[in-house]
2 protein chains.
Amino acid sequence: MVGREWKAVWVVGNATERRDIPDATVSRLPEYLRALTTLIEQGVASVSSEELASMVGVSSAKLRKDLSYLGSYGVRGVGYDVDHLSYQISLALGLTRTWAIAIVGMGNLGRALAAYNGFASRGVEVMALLDHHPSVIGTQIAGLTVEPFADLPRIARERGIAIALLATPARSTQEVADAVVAAGITAILNFAPISIDVPGGVQVRNVDLATEVQILAFHQQQRARGSADAAGALAEVLP
Amino acid sequence: MVGREWKAVWVVGNATERRDIPDATVSRLPEYLRALTTLIEQGVASVSSEELASMVGVSSAKLRKDLSYLGSYGVRGVGYDVDHLSYQISLALGLTRTWAIAIVGMGNLGRALAAYNGFASRGVEVMALLDHHPSVIGTQIAGLTVEPFADLPRIARERGIAIALLATPARSTQEVADAVVAAGITAILNFAPISIDVPGGVQVRNVDLATEVQILAFHQQQRARGSADAAGALAEVLP
DNA sequence: GTGACTTTGTGCATTCGTTCACAAGGAAGG
DNA sequence: CCTTCCTTGTGAACGAATGCACAAAGTCAC
């Protein structure tokens, strides 16, 4: 039933509608893609689920299940064709086109993001650097000129910016986010340590450096506690 | 039953053993803590689960369940005491002490991390900046002197470094990770776009900027596809 | 061709996480 | 002291994600 419809779309063109890929799977696809890119560079033509899974540190069953949501691109008894699988994942993720992004906030983090060279090779192009501070506007960073934040609406329209990276101070971030949304951008990657309010239909992901460290700290402490427990239990027996 | 035992431990001392807090909950605790800190700054003394939940963008039921893993710190009919809850979360996360971290790799990202001022207020102190490139060693960044990566074992020992942040180029990251582990550090926050192999017992979290953007791109594309479907379906009817 | 061998794809069971809905507990006012 | 009101804390239902185990489907050697 759905199968036939799907095939039709497939034959007709590009926009192959895949049924709801689970979120957990989506978040792993970029890692698989990264590993496959490495294999391509090494000239490896074929890979088994076991090998690929160990490269990214997941179980082979999980990997196979993840890939099965995209379709059946493996060959039983052999494995996956590296090039083809890489292409299919790119397709699923929507990376056969380039995504234009803008970085807002040219502090230390904004500069680092601007200079980050992991974007270009992975379907993402930095198309604008924005700040509202006059002393930064007009300066060159990583080959781009910093432009006034107030120009975002025009810039977003002209260059087709689809995603904004916010590397602004916490206190002004909500305001910036509002302006970004008003400029018609519907996807935000927020690096500020604050959670922002956006209208429905706008996507936000947060990356908070301190949060990550705190999660590590928690587990470290758990472990310390665990090894202290033997001694602790003993101590409690004594009055 | 458990209550009594728990109380005993509480009375005796500090190391209150909390039963397995779920991972999903742990990853949200830092956000609750952040919101509570904001409330403290604003002089708010008490908060309901509804209010706090909306601040961090989760449902109030989820918030209450999360907090219930730490214990019963709310007052029915009233809400939570902001100071006390903040303290309890800090305690649970192990943030009543300061965690010494080292940053390895003084490229753009490493510098940005070194200058990041969100750490100090959240129980994390940057105690060492390391690089192996002679031209960077000895320079000052954010008030610290960059030291040779080769000195890590001594530095880690002397300063009690518990966590390492890796901001190194992808190709040298595995090697660096090996050295970090050899220096006795058992928690790593990896910013390099590569997955690293570590011995059991060593904790790794990955933060990959391009991955985050790709996940956003996926959802953007899904949405574009969705709205194109009406037109697409129509187009398919025509020959 | 045919049989032995390898590795995928997936149904099923299980574990983990979220949501619902309400009883329990406490405050506040008369 | 008693009643009313509000919000927590949590069992129970649900849903998502993971892990297991094996049939299905292919390759390759002969």
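Each chain gets a letter, A, B and so on, in the order the sequences are listed, and its residues count up from 1.
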query = With distance as the sole criterion, do the side chain of Lys65(A) and the base of dG9(C) form a donor-acceptor contact below 3.5 Å?
reply =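 Absent.
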query = Do Arg76(A) side-chain and dT7(C) base share a donor-acceptor contact under 3.5 Å?
reply =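 Result: no qualifying N/O pair found.
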Nearest to side-chain heavy atoms of [X], which nucleotide of [options]:
| X | options | value |
| --- | --- | --- |
| Ala24(A) | dT8(C), dT8(D), dT18(D) | dT18(D) |
| Ser48(B) | dT8(D), dA25(D), dT10(D) | dT8(D) |
| Val75(B) | dA27(C), dC22(D), dG17(C) | dA27(C) |
| Arg64(B) | dT10(C), dA21(C), dT19(C) | dA21(C) |
| Lys62(B) | dT10(C), dG19(D), dT18(C) | dT18(C) |

To the nearest Å, how far apart are [X] [atom1] and [N] [atom2]?
| X | N | atom1 | atom2 | answer |
| --- | --- | --- | --- | --- |
| Tyr69(B) | dT18(C) | OH | C1' | 9 Å |
| Asp66(A) | dT8(C) | CG | C1' | 14 Å |
| Asp23(B) | dG17(C) | CG | P | 6 Å |
| Leu52(B) | dG9(D) | CG | P | 12 Å |
| Asp81(A) | dT8(C) | CG | C1' | 15 Å |
| Tyr73(B) | dG25(C) | OH | P | 18 Å |
| Glu50(B) | dC20(C) | CD | C1' | 14 Å |
| Leu67(A) | dT10(C) | CG | C1' | 13 Å |

Could you tell me if the side chain of [Y] sits less than 4.5 Å from the side chain of [X], heavy atoms only?
| X | Y | value |
| --- | --- | --- |
| Val44(A) | Glu51(A) | no |
| Phe191(B) | Thr173(B) | no |
| Pro199(B) | Val181(B) | yes |
| Met55(A) | Leu39(A) | yes |

[X] side chain near [N] phosphate (N/O to OP1/OP2, under 4.0 Å):
| X | N | answer |
| --- | --- | --- |
| Tyr80(A) | dG26(D) | no |
| Arg28(A) | dT18(D) | yes |
| Ser49(B) | dT7(D) | no |

key: Donor-acceptor pair between Glu31(A) and Thr211(B) side chains, under 3.5 angstrom   =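 No, because no side-chain N or O of Glu31(A) sits under 3.5 Å from a partner of the opposite role on Thr211(B).
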task = Could you tell me whether Ser59(B) contacts a base, only the sugar-phosphate backbone, or nothing, with contacts defined as non-hydrogen atoms closer than 4.0 Å?
result =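 Counting heavy atoms under 4.0 Å across all strands, the contact made by Ser59(B) is with sugar-phosphate only.
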